[in-house]
Amino acid sequence: MDKEVMLYDKLENNNVQCKICSHRCKIAPGKMGFCRVRENRDGTLYALNYNIVSSEGIDPIEKKPLYHFYPGSYSYSLGTIGCNFKCKHCQNWMIAQCKLDESQTFEITPEQAIDRALNFSADSISWTYNEPAIWFEYTYDSAKLAKEKDLSTVYVTNGYVTTEALKLISPYLDAYSVDIKAFNEEFYKDVSSAKLQPVLESTKLAKELGMHVEITYLVIPTLNDTREEIQQFSRWVLDNLGDDTPVHFSRFHPFYKMKDYQPTPIETLELAYDVATSEGLKYVYLGNVMHRQVNTFCPNCGKMLIKRGMGVEQYNISDNNTCVYCGEYIPMVTGLL
């Protein structure tokens with residue numbers, strides 16, 4: 001099912017400009033945008049992927065990763081086709097870097113998606129696996145329905161959504177798990193065919209709009225792993241989002257067009273952890289690796305508050321979000337455990 005795009009401008013000669021993502025593509029009649037799922041038909045811009053699902057699952061919320069958002073809960077998760085980035089290391093390139101007619105898909109309406117989430121006893125619905133902003137109309141309609149059924153809503157995103165689109169969906173979007181892929185523009189240009197600054201702007205805006213924000217930074221050897229870059233990134237988080245913002249430094253594994261790179265050494269992840277915590281961030285985690293720092297520790301007394309294995313194995317935070325050992329307030333969206 002095709003649907004007219006919610007945010008775009010009509011230009012001269014039947015050209016249009018999409019306002020969903022920060023590429024802000026100007027699209028001639030008969031052409032598609034960068035994402036390859038928005039097409040100009042005689043001066044009207046259509047989303048070609050409305051209702052189109054490539055991936056469906058029930059995931060632990062920690063997989064998003066969200067460690068401070070209903071820990072131990074499960075999220076009904078959906079993905080579609082396409083992306084507004086062209087990451088050379090994309091783990092989901094089979095759906096993100098293909099066209100609609102190049103992959104097996106099926107249809108799920110927003111109403112059906114919410115029903116399925118409830119039937120699976122999920123606590124939230126997540127749009128993930130590929131970039132949700134290019135699925136904006138579908139995620140917007142679904143999110144409105146989800147809130148009517150008391151389902152929490154999650155974007156797992158590259159952060160390239162525009163200010164206009166993020167403000168529009170913000171009343172219905174609870175959590176924003178965003179990848180900041182590096183802290184230099186050269187990386188974004190060469191590896192992802194995008195820019196860093198719009199990602200920073202949307203991440204800051206998501207926080208200002210009241211969403212729960214967590215950041216993932218995939219550490220890639222020689223590309224974004226220097227002490228100086230990690231320090232600059234950590235300072236930006238501290239200054240713009242606050243010291244209680246959860247940050248996940250994840251291990252890179254060679255994939256797609258970057259199979260000639262080496263996996264991230266554990267020592268490099270630990271360096272990132274040390275730099276971020278020394279800059280004042282209180283909740284820093286290591287991902288894609290078995291490590292003590294997948295757990296949550298009280299920043300005051302140092303005791304383990306959440307132990308994570310296959311799920312949440314220990315939970316030592318009180319009902320009023322304080323450490324059971326010392327009473328320190330722990331910023332955590334809770335209520336399900």
Side-chain angles (χ1 to χ4, degrees), residues 1-56 78-86 95-103 105-117 125-149 153-173 176 194 198 202 205-206 209:
M1 172 183 174
D2 301 340
K3 186 164 186 174
E4 186 174 358
V5 170
M6 295 177 69
L7 292 170
Y8 74 100
D9 290 331
K10 291 178 177 286
L11 307 177
E12 294 181 351
N13 301 318
N14 278 344
N15 293 308
V16 299
Q17 183 170 24
C18 183
K19 298 165 64 177
I20 295 295
C21 99
S22 290
H23 285 299
R24 296 186 181 271
C25 295
K26 292 183 178 179
I27 308 171
K31 302 296 183 180
M32 295 185 184
F34 187 92
C35 63
R36 295 183 291 183
V37 292
R38 292 172 182 270
E39 183 180 43
N40 179 352
R41 296 177 182 167
D42 299 321
T44 300
L45 187 60
Y46 287 94
L48 307 182
N49 59 344
Y50 193 88
N51 285 3
I52 301 299
V53 175
S54 67
S55 311
E56 178 190 33
L78 293 174
T80 186
I81 294 292
C83 190
N84 51 6
F85 279 17
K86 294 189 182 298
I95 61 172
Q97 302 303 327
C98 71
K99 298 179 181 178
L100 281 168
D101 59 359
E102 294 176 342
S103 181
T105 60
F106 51 99
E107 292 195 18
I108 298 179
T109 67
E111 294 79 7
Q112 290 170 333
I114 302 310
D115 286 344
R116 291 167 80 87
I125 181 169
S126 295
W127 298 283
T128 178
Y129 306 134
N130 69 318
E131 173 52 40
I134 67 162
W135 211 11
F136 185 80
E137 292 73 22
Y138 180 81
T139 63
Y140 177 86
D141 290 347
S142 299
K144 289 184 69 175
L145 294 174
K147 301 316 295 177
E148 293 175 4
K149 299 295 184 179
T153 53
V154 177
Y155 255 26
V156 181
T157 177
N158 61 28
Y160 226 52
V161 63
T162 61
T163 296
E164 302 96 308
L166 192 57
K167 286 183 176 179
L168 185 60
I169 200 173
S170 65
Y172 315 107
L173 195 57
Y176 194 80
S202 74
L205 179 60
L209 291 170

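This one's a predicted model, so the numbers in the text were calculated from it and none came from an experiment.
Applying the salt bridge (charged side-chain N to carboxylate O under 4.0 Å, His left out) rule to Glu102 yields no partners; only residues at least two apart in sequence or on another chain are considered. Partners of Asn49 under the side-chain hydrogen bond (donor to acceptor under 3.5 Å, both in side chains) rule, at least two apart in sequence or in another chain, do not exist in this structure. When the salt bridge (charged side-chain N to carboxylate O under 4.0 Å, His left out) test is applied to Lys149, no partner is found at least two apart in sequence or on another chain. Applying the ring-ring contact (aromatic ring centres under 6.0 Å, His included) test to Tyr8 and every residue at least two apart in sequence or in another chain returns nothing. Looking at residues two or more places apart in sequence or on another chain, you find a salt bridge (charged side-chain N to carboxylate O under 4.0 Å, His left out) between Lys147 and Asp174. Looking at residues two or more places apart in sequence or on another chain, you find a side-chain hydrogen bond (donor to acceptor under 3.5 Å, both in side chains) between Tyr129 and Asp59. With sequence neighbours excluded, the residues forming a ring-ring contact (aromatic ring centres under 6.0 Å, His included) with Tyr50 are Tyr138, listed by chain and number. Remark: Phe85 engages Tyr160 in a ring-ring contact (aromatic ring centres under 6.0 Å, His included) (not counting sequence neighbours). Residues satisfying the side-chain hydrogen bond (donor to acceptor under 3.5 Å, both in side chains) criterion with Lys99, sequence neighbours excluded, are absent altogether. Checked against side-chain hydrogen bond (donor to acceptor under 3.5 Å, both in side chains), Glu39 has the following partners two or more places apart in sequence or in another chain: Arg41.
Contact annotation: the side chain of Thr109 never approaches that of Met1 to less than 4.5 Å [non-hydrogen atoms, C-beta and beyond]. For the pair Asn51/Pro110, a side-chain contact is recorded, criterion being any heavy-atom separation below 4.5 Å from C-beta on. By the 4.5 Å heavy-atom criterion applied to side chains, Leu45 and Cys18 are counted as neighbours. Between Lys3 and Asp141, the closest side-chain pair of non-hydrogen atoms falls below 4.5 Å.
Thr153 OG1 to Lys144 NZ: the interatomic distance, rounded to the nearest 0.5 Å, is 13.0 Å. Atom OH of residue Tyr155 and atom OG of residue Ser126 lie 11.5 Å apart, to the nearest 0.5 angstrom. Summarising the geometry, atom CD1 belonging to Ile81 is positioned 10.5 Å from atom CD belonging to Gln97; distances are rounded to the nearest 0.5 Å. Here the straight-line distance linking atom CD of Gln112 with atom OG of Ser142 works out to 10.5 Å at 0.5 Å rounding. Note that the CD1 atom of Ile108 and the CD1 atom of Ile52 stand 10.0 Å from one another [nearest 0.5 Å]. Taken from CD1 in Ile95 to OG1 in Thr105, the straight-line distance is 11.0 Å, to the nearest 0.5 Å.
More than 12 non-hydrogen atoms from other residues, nucleotides or ligands lie less than 6.0 angstrom from CG of Asp101.
Side chain of Thr162 to backbone of Ile20: a donor-acceptor contact under 3.5 angstrom is found. Between the side chain of Glu137 and the backbone N or O of Glu4, no donor-acceptor pair lies under 3.5 Å. The main-chain N or O of Thr80 is found under 3.5 Å from a side-chain atom of Asn130 such that the two form a donor-acceptor pair.
Counted by atom type alone, Asn84 and Asn158 present one or more donor-acceptor pairs between their side chains at under 3.5 Å.
For the ring-ring contact (aromatic ring centres under 6.0 Å, His included) criterion with Tyr172, the lone passing option out of Phe136, Tyr140, Trp127 is Tyr140.
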Side-chain donor-acceptor distances from residues 24-35 under 3.5 Å, at least two apart:
| residue | atom | partner | partner atom | Å |
| --- | --- | --- | --- | --- |
| Arg24 | NH1 | Glu164 | OE2 | 3.0 |
| Arg24 | NH2 | Glu164 | OE1 | 2.8 |
| Arg24 | NH2 | Glu164 | OE2 | 3.3 |

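Of all non-hydrogen atoms in Arg38 and Ala133, the two that sit nearest each other are NH2-O, 3.9 Å. The shortest non-hydrogen separation linking Val161 to Ser202 is O-CB, 3.8 Å. Between Cys98 and Ser103 the shortest heavy-atom distance is SG-CB, 3.7 Å.
Sorted by first then second residue, the salt bridge (charged side-chain N to carboxylate O under 4.0 Å, His left out) pairs that include residues 105-114, not counting sequence neighbours, number zero.
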Practice item. Take Leu209 and Tyr176 through the test side-chain contact (heavy atoms from CB on, under 4.5 Å) and record every step on the way to the result. Key: CA-CA 11 Å; Leu209 291 170; Tyr176 194 80; over 6 Å; no
